[in-house]
Student: 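Following this message is one structure expressed as structure tokens.
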Amino acid sequence: MAEESGGPVLAPTLANWLRAREETRQHLAGATPPIDAAWVQRLADLLATERSWQDQYTDLLALGSTGNRFPSSNR
């Protein structure tokens, strides 16, 4: 969607999703046993944030699809 067309802009949502993915990757890279409850909670929070941004990005992409629905995966 182009910004000049007055529609939603994908770039900020994509950037936030990618940032959330990088934060999750960094958190996982720092894991050392034993893993405590605070570490698990932080991972749960990061994954929820990542999923939220992914859902928003997918919804924006779907606006340009037939019926405004993103197709299901073939996997």
Student: Taking all atoms of both residues into account, what is the closest heavy-atom pair of Leu60 and Thr13, and its distance?
Tutor: CD1-OG1, 3.4 Å

Student: Restricting to pairs with a member in residues 10-21, which pass salt bridge (Lys or Arg N to Asp or Glu O under 4.0 Å), not counting sequence neighbours?
Tutor: Arg21-Glu50

Student: Please tabulate, for the side chains in residues 37-48, all donor-acceptor contacts under 3.5 angstrom to protein atoms that are two or more places apart in sequence or on a different chain.
Tutor:
| from | atom 1 | to | atom 2 | distance (Å) |
| --- | --- | --- | --- | --- |
| Trp39 | NE1 | His27 | NE2 | 3.3 |
| Gln41 | NE2 | Asp45 | OD1 | 2.8 |

Student: Would a hydrophobic clustering, with Ile, Leu, Val, Met, Phe, Trp and Tyr connected at side-chain separations under 4.5 Å, put Leu63 with Trp17?
Tutor: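 Looking at the clustering, Trp17 is in the same group as Leu63.
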
Student: Could I get the full list of ring pair (Phe, Tyr, Trp, His ring centres under 6.0 Å) partners for Trp53, not counting sequence neighbours?
Tutor: none

